[in-house]
Amino acid sequence: MTVSTNLPSFHTPGVEDDRTGLGIETLKRAFFDNLYYVQGKLPNRASTVDYYMALAYTVRDRLLQRWLATEDILTRPEVRIVGYLSAEFLMGPHLGNNLINLDIYAPVKQAIEESGLNLQELIDIEEEPGLGNGGLGRLAACYLDSLASLQIPAIGYGIRYEFGIFDQEIVDGWQVEITDKWLKYGNPWEVARPEEAVEIKFGGYTQPYTDDQGRYRVRWVPGSTVMGIPYDTPITGYNVNTVNTLRLWKAEAPESFDFTAFNQGDYWGAVNDKVVSETISKVLYPNDEQIQGKQLRLQQQFFFVSCSLQDVIRRQLESGRTLDTLHEKFSLQMNDTHPSVAVAELMRLLVDEHMLEWDHAWDITTRTLAYTNHTLLPEALEKWSVSLFGSLLPRHLEIIFEINSRFLDQVRLRYPGDEARLGQLSLIDEGGDRSVRMANLACVGSHAINGVAALHSELLKKTVLHDFYELMPEKFCNVTNGVTPRRWLALSNPRLTALIDRRIGNGWLTHLDRLRELESAADDAGFRHEWRMVKRDIKADLADHIANRTGISVNPDTLFDIQVKRIHEYKRQHLNVLHIVTLYHRLKQNPNQDMAGRTFIFGGKAAPGYDMAKRIIKLITSVGDVVNKDPDVSDRLRVVFLPDYNVTFGQRVYPAAELSEQISLAGLEASGTGNMKFSMNGALTIGTLDGANVEIREEVGAENFFLFGMKTEEVTALRSQGYNPMSYYHSNETLKAVIDLIASGHFSHGDRELFRPLIDNLLYHDPYMLLADYQSYVDCQDQVDRAYRDSENWVRMSILNAARMGKFSSDRSIQDYAQTIWQADAVPIEIEA
Ligand code: Z2T
């Protein structure tokens, strides 16, 4: 479908204009114009932030025409729109990415440099919008990039948290959390649209009534309301006219909030109401995969879902359609269960507010919604106590009970007398304090349910969603995650990008499969040399950065072995530490040990209430303190914990990596996406057969992947036969020595208590089976060491890894979603020259 826009001609200036032109002189004039008229500064008083802002506005001006043209086509009744509902969008900085996607990096660089400034410095100063925890939020961001690049009309719907994920500082080796004030200097990329604000209700009670046709109906009398104000951010596609929208909602008090209170003189009460309303979008919950069941979190979820669904319904009606065909114009994807109250809210809007019949509304709801599951961890499966749910959303609780009773009637027909199955499938967990099971609600209310990697999707069907799979197998599918090569290669690794371009042209950036053309280059000694030099330069840059940030000096000629991701026991950063201590122990025993020098780099945040994760950080920094200072080993071993791992730092670290640590216990990492970013940049992976590692290994070839550890079936078997970590400790001399060394206080100034919780947990419980995988991991690391010392072959494998990563472009993932779940097409947007 091609839609040409017919905006009035004054919107499409034909001559080179200061708001659109790309000539160097025009860019310079526009830049200083924005500095003067938007920032209110002359160059002699302007700060770097002022220059950044002026440049951001200069770039934004250049995408506005395409943005408005894209928004315009959304109103056409025949254009299908994907809505991506997500509590998190971990966008990362916009400026550099927009320069790449708009293909204006070179002229802007020239204009900025001719103005006596440094473009990289301006790009680096952008405060990143950290509105997400980790993989799930970053995936949403990569998907927005690919949706726009594939010219699929789409809207990302989420929350405009005033404070995103906390900034992490390391003090005395421990994590300290600092508030993320990302809006401090203002946000040049967002546009508030208060005229499209919506009202959101909470609490109160419900009231049955009979309508004028004598039908039974229910009205919800809320206890309070808040306003949702949309803030829009343009999402540029790469080299296309499509500029989609990320619409984030901010909570505010209703406009009339203080009217009567002022008259009655309750000034403080009125202002307090305002404060309470705005709390809803105040802060992102910093837990990645464990739920807390806090009321404010449910308020946040309902808030953004209701705002977004009302927005969708308004767009449907304004396009001239009726609600009967909502599912023909919109496909709404729920990013995990965080937005799953959408099932009940869409029913309420259709039945209570727009007066549709239940069955009709149910048909529309299930055809519109789809659900992506991102984890098998039981502690991450959302449940809300029925009493909390009912007090906050009384009407939704009734609707959920109604959905459940109709659903269970069907289940009874299918499995007469199977009470156990009924109990498993029910939307309500009747055990103890009754609760609403959000994954069950999402499954029943969606037409498609997908996992995020082949293995994960299979395990979903076998374990947590087994009963749903037996009941409705046709809903289940897999969409393996992907990442955008624009941010994770072109933007973050310009040197490797240039090298690849010289060899195979630049078509790979939109057709990542074409990287395969690099395979032959792996056998070209000249190309290998260039590849190695690029890597070496980037490692030297990272070494400088590490020295500046931590004071630790690292040698760029050692193997850069990197694990960056949220800190979680299932991800097993402490297994990596056991390996480091093993090497340390070996070198102390035999200082002449032959081994390649290694630099171990860690980064990642721990959920503030997750004691074990915080102690793992302390363990890493403590081992580092001892190892880095010990002259016996420090020429060959360095351990660095880089504080405040985020998107910005990810962009520095993936290009410099040689070994990517993907060492979760098999069956627990749903997909992983960092694994893809590393490999794309030429790192080799040491990993278990978990998540997308399985598919990465398939693509790059077993001979180019360092595999270790138990397979999922072995994990299950060991667990059911009764896992005893202590037996590994007693039967493996080195393992015992390593654990004893940590327990002895060697890395904690003699303090034997500091790491006791970690050690005791490993010896007596070890839920993530580090001890069972230990020997296999160490053996595999020894293989890595030998492979690295055959440096020509290592570079060969590195090139092959990058060359075979085509599958893991988020463009492929989005094409899969578009074909199998959304039935969404590209809509190229024509703009008059
Ligand atoms: C998250 O980042 C992930 C799963 C979650 O389950 C929550 C969060 Cl915040 C509720 C991650 C998975 O751990 C990771 O394996 C996966 O690659 C990523 O989501 C994107 O699918």
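Not measured: the values here are computed from a predicted model. We count ligands from 1, going down the list as the structure has it; atoms in each ligand are counted the same way.
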* **Side chain, backbone, both or neither: the part of L377 lying under 4.0 Å from ligand 1 by heavy atom** => neither

* Applying salt bridge (charged side-chain N to carboxylate O under 4.0 Å, His left out), which residue pairs with at least one partner in residues 662-688 are found, sequence neighbours left out? -> K571-E669

* Asked: Between D145 and R487, is there a salt bridge with N-O shorter than 4.0 Å?
  -> no

* When you check the gap from the basic side-chain N to the acidic O, do E699 and R804 get nearer than 4.0 Å? -> no

* If you measure from each non-hydrogen atom of V452 to ligand 1, which part falls under 4.0 Å: side chain, backbone, both or neither? -> side chain

* Heavy atom of the protein closest to atom 15 (O) of ligand 1 (residue, atom name, distance) -> E669 OE2, 2.6 Å

* Asked: Measuring from S385:OG to D433:CG, what's the distance to the nearest 0.5 Å?
  -> 5.0 Å

* Is there a heavy atom of G691 sitting under 4.0 angstrom from any atom of ligand 1? -> no

* **ligand 1-proximal atoms of D336, by part, heavy-atom distance under 4.0 Å** => side chain

* Atoms of ligand 1 less than 4.0 Å from D288 heavy atoms? -> 7 (C), 8 (C), 9 (Cl)

* To do: Report the part of Y570 in contact with ligand 1, treating N, CA, C, O as backbone and CB onward as side chain, heavy atoms under 4.0 Å; options are side chain, backbone, both, neither.
  => side chain

* For T375, atoms of ligand 1 separated by under 4.0 Å from a heavy atom -> 6 (O), 10 (C)

* Decide, yes or no, whether a salt bridge links D644 with K605 under the criterion of side-chain N to carboxylate O below 4.0 Å. => yes

* Structure fact -> Closest to atom 2 (O) of ligand 1 among protein heavy atoms sits L136 N, 2.8 Å

* Is a salt bridge present between K614 and E177, judged by a nitrogen-to-oxygen distance below 4.0 Å? -> yes

* N/O separation below 3.5 Å, E289 to ligand 1 -> yes

* Taking only heavy atoms of A670 into account, list the atoms of ligand 1 that are under 4.0 Å away from them. => 15 (O)

* Identify whether the distance between the nearest side-chain nitrogen and carboxylate oxygen of D773 and R572 falls below 4.0 Å. => yes

* Within the structure, does G672 bring an N/O atom to less than 3.5 angstrom of an N/O atom in ligand 1? -> yes

* Any N or O of N481 closer than 3.5 Å to N or O of ligand 1 -> yes

* Residue pairs fulfilling salt bridge (charged side-chain N to carboxylate O under 4.0 Å, His left out) with at least one residue in residues 808-822, sequence neighbours excluded -> R486-D811, R812-D816

* Asked: Does H374 approach ligand 1 within less than 4.0 angstrom via side chain, backbone, both or neither, non-hydrogen atoms only?
  -> both

* Aromatic Y157 / basic R247 pairing, under 6.0 angstrom, 45° off normal -> no

